[in-house]
Trainee: 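The structure under discussion is supplied below as structure tokens; questions concerning it will follow.
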Amino acid sequence: MNQVATSKGRRVAMILSGGGARGAYEVGVLWYIFDDLTRILGAPPRIDILCGTSVGAINACYLAAHLGDPVLGLRRLVELWSELELTRVLGFGVRQVVTLPRVLLGGGEGYGLFDVTPMADLVQREISWRAVARCLRRGMLRALTVSCTEVATGRTAVFMQASPGLTIPSAAPPRTLFKADRIGPHHALASAAIPLLFPPVRIDGELYLDGGLRQNTPIAPALRLGATHIFAIGSSREIRGRVVREAGHQEATRAPGAAFLLGKVLNAFLLDHIDVDIELLTRVNSVLVDGARAYGGQFTESLSDVARKRGAQEYRYVTCMRVRPSEDIGRLANDHLKRGRLRGDPILTKRLFSLLDLGVESEADLASYLLFDGPFCRRLIEMGRADAQARRDDLLEFFRDLRDQGSGGDEVEDTGTYSRDSITP
């Protein structure tokens, strides 16, 4: 199944967001797409643009390296995540304890609570960076982007590697810089460097941290690269309305500790952007839909003419679909820790997570970012696969949809009945 299904007139972007060990969930979604869905379609769906942030950058780079045979590549990726041991991904020992003051106060090249050398070795070993370049050179992929946060300025740096003939966009969103570069392991590790937990990574003399701090769902680069269809995978469950407590629930007997609160802060930084981004984009796109109905089919093109005259990007209709967890991953992490079946050095691992106060109620958000433990990751993979399977009809329609929506002067069709989000740059 090396042949890739092509779709004339459209560019599909896959958006992989961050969340540490939560990245196993998006592996499960990808597994369904490049396994079950591929069999139904008869060929792997065409992906033109891959945009990743944090652990999503690592998964995106891996997928880019295996687009020649994504089916086989995803099977190997599932195997890798399922066999992880915490101590073989993150180092934590006497040296990390000794350098803890520098984590808090700064100094040297930058420190983190963990030694990421094992993770760096894994990324270097399992991702063929030559295959990434070859994939782009042969046009199997138009562009690969990795988002990082520039420490000195706090802005988002989006590193882009494009296929021959594709120009890197010159106009970027506010506090964002697009940089053409040959993407390698240091870019992926910089994008995944969660502050305090992992040390920053130096690229061309500048220090970089987790790209998810400001752009965890890197939709903007995909739009600037001309995406007409966007598929995004989130790493947090959607919460609507008032939270209803379960029967028999007891109020917390103590205030939450620092680790519990840090987990919530990371959630706010790394997980919640997808809701804001898509909601905003959907609202703007609704203007195009309503405008076309009220003023005729030339509405979008007329707006684009005005935008082009002032040097801005033209408007276009972009179809977006997202898949997100059906269960709270923080609660799943807490449940996994309570069972106490962690791989690797049991004494070190248990001691480490005992220091990570599980907080109040039954949530372990901070631990969920660090649980690079095979059985836990496998549980997230299975959930991702099941959540994708539950959206089977939507996924089939999304990847089979060859209509050029909103192009030229045609009236834009509202596709809200298909449980998808419609967006515009």
Side-chain angles (χ1 to χ4, degrees), residues 16-23 50-65 84 86 88-93 95-96 98-130 132-133 144-161 172 175-218 221 262 266 269-270 369-370 372:
L16 303 182
S17 54
R22 293 172 180 241
L50 271 171
C51 299
T53 294
S54 193
V55 72
I58 295 176
N59 284 334
C61 291
Y62 181 95
L63 181 57
L84 288 179
L86 180 65
R88 292 175 60 184
V89 178
L90 302 175
F92 183 77
R95 184 173 183 272
Q96 280 62 54
V98 172
T99 58
L100 185 57
R102 290 193 177 183
V103 174
L104 301 175
L105 302 176
E109 284 293 296
Y111 294 88
L113 180 60
F114 297 97
D115 174 17
V116 294
T117 301
M119 180 186 291
D121 292 341
L122 185 67
V123 168
Q124 182 71 56
R125 183 176 67 252
E126 295 295 340
I127 299 177
S128 172
W129 300 96
R130 289 185 177 180
V132 172
L144 170 67
T145 80
V146 170
S147 299
C148 305
T149 299
E150 194 175 63
V151 174
T153 63
R155 64 183 175 179
T156 298
V158 182
F159 294 95
M160 296 183 173
Q161 186 173 351
R175 294 190 63 78
T176 302
L177 176 67
F178 291 159
K179 302 184 70 171
D181 206 346
R182 184 184 177 95
I183 293 176
H186 47 299
H187 296 94
L189 291 170
S191 184
I194 299 175
L196 299 181
L197 301 182
F198 309 142
V201 177
R202 191 174 294 277
I203 302 174
D204 296 331
E206 293 288 342
L207 287 175
Y208 294 91
L209 282 169
D210 198 307
L213 296 179
R214 296 193 65 251
Q215 194 181 84
N216 195 48
T217 310
L262 179 57
L266 287 177
F269 274 128
L270 302 180
Y369 292 93
L370 303 174
F372 291 97

Trainee: Where do Val55 and Gly20 come nearest, in terms of heavy atoms and distance?
Mentor: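 What the structure gives for the nearest pair is CG1-O, 3.3 Å.
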Trainee: Identify the two heavy atoms, one from Ser54 and one from Asp210, that lie closest to each other, and give their separation to 0.1 Å.
Mentor: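 The answer is OG-OD2, 2.8 Å.
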Trainee: My understanding is that only residues two or more places apart in sequence, or in another chain, count here; which of them pass salt bridge (charged side-chain N to carboxylate O under 4.0 Å, His left out) with Glu126?
Mentor: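 Arg76.
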Trainee: What pair of heavy atoms forms the shortest contact from Ile58 to Ile127, and how long is it?
Mentor: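 Distance-wise, the nearest heavy atoms are O-CD1, 3.8 Å.
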Trainee: Residues two or more places apart in sequence or in another chain: which of them pass side chain to side chain donor-acceptor pair (under 3.5 Å) with Gln124?
Mentor: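 In terms of side chain to side chain donor-acceptor pair (under 3.5 Å), with neighbours along the sequence ignored, Gln124 is linked to no residue.
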Trainee: I'd like to check Leu177 versus Thr153 (side-chain heavy atoms, cut-off strictly below 4.5 Å). Are they in contact?
Mentor: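 Leu177 does not reach Thr153 side chain to side chain.
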Trainee: How long is the gap from OG on Ser147 to CE on Met160, to the nearest 0.5 Å?
Mentor: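 Those atoms lie 7.5 Å apart.
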Trainee: What is the distance from atom CG of Leu16 to atom OG1 of Thr145, rounded to the nearest 0.5 Å?
Mentor: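 Answer rounded to 0.5 Å: 9.5 Å.
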Trainee: Closest approach of Leu189 and Ala120, non-hydrogen atoms and distance?
Mentor: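 Result for this residue pair: CD1-CB, 3.5 Å.
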Trainee: Checking salt bridge (charged side-chain N to carboxylate O under 4.0 Å, His left out) between Glu150 and each of Arg202, Arg175, Arg155, which is the one that passes?
Mentor: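 In the set Arg202, Arg175, Arg155, the residue that makes a salt bridge (charged side-chain N to carboxylate O under 4.0 Å, His left out) with Glu150 is Arg155.
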Trainee: Which heavy atom of Cys61 sits nearest to which heavy atom of Val132, and what is that distance?
Mentor: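 Reported closest heavy-atom pair: O-CG2, 3.6 Å.
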Trainee: Out of curiosity, Asp181 CG to His186 NE2, how far, rounded to the nearest 0.5 Å?
Mentor: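 Rounded to the nearest 0.5 Å, the CG-NE2 separation comes to 6.0 Å.
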Trainee: With heavy-atom distances below 4.5 Å as the criterion, would you say the side chains of Pro200 and Leu209 are in contact?
Mentor: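 Side chain of Pro200 against side chain of Leu209, heavy atoms only: contact under 4.5 Å found.
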Trainee: Not counting sequence neighbours, which residues clear side chain to side chain donor-acceptor pair (under 3.5 Å) with Tyr62? List them please.
Mentor: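 Applying side chain to side chain donor-acceptor pair (under 3.5 Å) to Tyr62 gives none.
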Trainee: Please report the closest heavy-atom contact between Gly52 and Ser191, naming both atoms and the distance.
Mentor: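 So the minimum-distance heavy-atom pair works out to O-OG, 4.3 Å.
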Trainee: Under the rule for side chain to side chain contact (heavy atoms under 4.5 Å, CB included), what residues qualify as partners of Ala190, not counting sequence neighbours?
Mentor: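 Residues passing side chain to side chain contact (heavy atoms under 4.5 Å, CB included) with Ala190: Cys148, Val201, Ile203, Tyr208.
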Trainee: Would you say the side chain of Ile183 lies within less than 4.5 Å of the side chain of Trp129, judging by non-hydrogen atoms?
Mentor: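 They are in contact (side-chain heavy atoms under 4.5 Å apart), so the answer is yes.
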